[in-house]
Peer 1: 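Could you have a look at this structure, given as structure tokens, before my questions?
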Amino acid sequence: MPNYWLLKSEPDAYSIDDLARDTREPWTGVRNYQARNFMRDTMKVGDIALYYHSSTTPPGVVGIANVISNPHADQTAFDPKSEYFDPKSSPDNPTWVCVDIGFVEKFPRMVTLDEIKQDSTLEGILVAKRGMRLSIQPLSEAHFSHITSLAHQHI
DNA sequence: GCCAACGTTGGC
DNA sequence: GCCAACGTTGGC
């Protein structure tokens, strides 16, 4: 049984189209301990994630990715020229880890945050919670399935 | 651009 | 270990 997740990304930084082009990408740059712990401790190969575009108008879910690697050191933490450089992280004892994600699908339409908030079936979904800034969020299979079916539904 | 919410830092 | 200050996120 896979776990389900929601992955946030600003499309200016890395969009679903970028992932579709690259087909896979190490999910680097996570510098929040809770999000890191999800990747390090709970994510496993075969897990499935909704891909969410944040800081855009409107924000919303735009597709599906999957987890295709075990956790490994986030190399950007070792690069002094990277905006994600962290001198406290070393290859011997990496502070920050990431998993590789793969492209699964770009939805025919975005399911907007507003639509998610209006939908009573999605009650309790973390991304709709006020002040929720976690960039990697656990998701129920029911919520995953519902959003996926909305995305394939004409409106 | 504003600002609420939250996480992190650092002085004590 | 407390907590004020600060920085960041991200919707609006």
Side-chain angles (χ1 to χ4, degrees), chain A residues 3-22 25-43 47-67 71-101 103-140 142-144 146-151 153 155:
Chain A
N3 305 302
Y4 292 86
W5 305 95
L6 181 143
L7 296 179
K8 281 190 204 167
S9 184
E10 297 190 16
D12 287 348
Y14 198 79
S15 71
I16 188 75
D17 292 320
D18 294 325
L19 183 61
R21 180 198 62 218
D22 298 339
E25 180 72 5
W27 206 242
T28 56
V30 172
R31 295 293 179 270
N32 169 282
Y33 288 103
Q34 209 180 339
R36 179 206 66 181
N37 292 349
F38 282 137
M39 287 196 286
R40 190 189 60 188
D41 305 333
T42 315
M43 272 190 183
D47 282 3
I48 300 168
L50 292 176
Y51 200 99
Y52 178 90
H53 280 177
S54 65
S55 293
T56 187
T57 308
V61 175
V62 291
I64 302 176
N66 60 356
V67 176
H72 55 84
D74 181 340
Q75 299 295 323
T76 64
F78 310 141
D79 177 5
K81 290 188 292 296
S82 169
E83 61 174 313
Y84 300 116
F85 177 59
D86 182 353
K88 295 190 294 299
S89 187
S90 68
D92 287 350
N93 187 19
T95 306
W96 303 110
V97 302
C98 60
V99 299
D100 295 350
I101 65 161
F103 175 75
V104 176
E105 177 187 353
K106 179 182 179 180
F107 287 153
R109 70 175 189 90
M110 172 191 268
V111 179
T112 64
L113 178 60
D114 189 54
E115 194 177 350
I116 290 169
K117 285 178 171 172
Q118 303 299 326
D119 192 326
S120 59
T121 309
L122 297 172
E123 182 117 25
I125 191 171
L126 285 176
V127 75
K129 275 201 172 165
R130 181 179 170 77
M132 172 48 67
R133 325 185 303 191
L134 251 190
S135 63
I136 299 176
Q137 301 173 5
L139 183 73
S140 72
H143 288 168
F144 170 83
H146 189 66
I147 289 176
T148 300
S149 78
L150 287 175
Q153 208 170 287
I155 51 168

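A, B, ... follow the sequence lines: proteins, then strands. Residue 1 opens every chain.
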Peer 1: Below 3.5 Å between N/O atoms, which protein atoms pair up with nucleotides 1-5 of chain C? Just atom names and distances, please.
Peer 2:
none

Peer 1: Between atom CE in A/M110 and atom C1' in C/dG11, what is the gap in whole Å?
Peer 2: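 Distance, rounded to whole Å: 13 Å.
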Peer 1: Test: salt bridge (Lys or Arg N to Asp or Glu O under 4.0 Å). Region: residues 73-101 of chain A. Which pairs qualify, not counting sequence neighbours?
Peer 2: A/R24-A/D100, A/R31-A/D74, A/D86-A/K88
Peer 1: If I take atom CD in residue A/Q118 and atom P in nucleotide C/dG11, what distance separates them, rounded to the nearest angstrom?
Peer 2: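 Distance, rounded to whole Å: 15 Å.
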Peer 1: Is there a donor-acceptor pair closer than 3.5 Å between any side-chain N or O of A/K8 and the backbone N or O of A/L134?
Peer 2: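 Yes; at least one donor-acceptor contact below 3.5 Å.
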Peer 1: Would you please name every residue forming a side chain to side chain donor-acceptor pair (under 3.5 Å) with A/E10, sequence neighbours left out?
Peer 2: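 For A/E10, no residue satisfies side chain to side chain donor-acceptor pair (under 3.5 Å) once neighbours in sequence are set aside.
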Peer 1: Give the rounded distance in Å between these two atoms: CG of A/D114 and P of C/dC12.
Peer 2: 7 Å
Peer 1: Mind calculating the distance between OH (A/Y84) and P (C/dG7) to the nearest angstrom?
Peer 2: 19 Å
Peer 1: Would you mind reading off the distance between A/D86 atom CG and C/dG7 atom P, rounded to a whole angstrom?
Peer 2: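 So the CG-P distance, A/D86 to C/dG7, works out to 18 Å.
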Peer 1: Distance check needed: B/dT8 P versus A/R36 CZ, whole Å only.
Peer 2: 10 Å
Peer 1: Taking atom CD as the centre, does A/E123 end up with more than 12 heavy-atom neighbours from other residues, nucleotides or ligands that are less than 6.0 angstrom away?
Peer 2: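 Not buried by this count: 12 neighbours or fewer within 6.0 Å.
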Peer 1: Indicate whether any N or O donor in one side chain lies under 3.5 Å from an N or O acceptor in the other, for A/T121 and A/D119.
Peer 2: yes
Peer 1: Return yes if some donor-acceptor pair links the side-chain N/O of A/H143 with the main-chain N/O of A/G124 below 3.5 Å, else return no.
Peer 2: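 Looks like no, no N/O pair under 3.5 Å.
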Peer 1: So, OP1 or OP2 of C/dT9: does either fall under 4.0 Å of a side-chain N or O from A/K8?
Peer 2: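 No, A/K8 has no side-chain N/O under 4.0 Å of OP1/OP2 on C/dT9.
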Peer 1: Which atom names give the shortest non-hydrogen contact between A/Y52 and A/L113, and what distance separates them?
Peer 2: OH-CD2, 3.6 Å
Peer 1: Which of residues 122-134 of chain A have a heavy atom under 4.0 Å from DNA chain B?
Peer 2: A/R130, A/G131, A/R133
Peer 1: Specify the separation, in whole Å, of atom CD1 of A/I136 and atom P of C/dG10.
Peer 2: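 Roughly 11 Å, once rounded to whole Å.
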Peer 1: Who are the side chain to side chain donor-acceptor pair (under 3.5 Å) partners of A/R40, not counting sequence neighbours?
Peer 2: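 Partners of A/R40 under the side chain to side chain donor-acceptor pair (under 3.5 Å) test: A/N37.
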Peer 1: So, is A/Y52 near the phosphate of C/dT9, with a side-chain N or O under 4.0 Å from OP1 or OP2?
Peer 2: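 For C/dT9, neither OP1 nor OP2 has a side-chain N or O of A/Y52 closer than 4.0 Å.
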Peer 1: Considering residues at least two apart in sequence or located in another chain, which fulfil the side chain to side chain donor-acceptor pair (under 3.5 Å) criterion with A/R21?
Peer 2: A/D18
Peer 1: Can you measure A/Y33 atom OH to B/dT9 atom C1' for me and round it to whole angstrom units?
Peer 2: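 Checked: the OH to C1' distance equals 11 Å.
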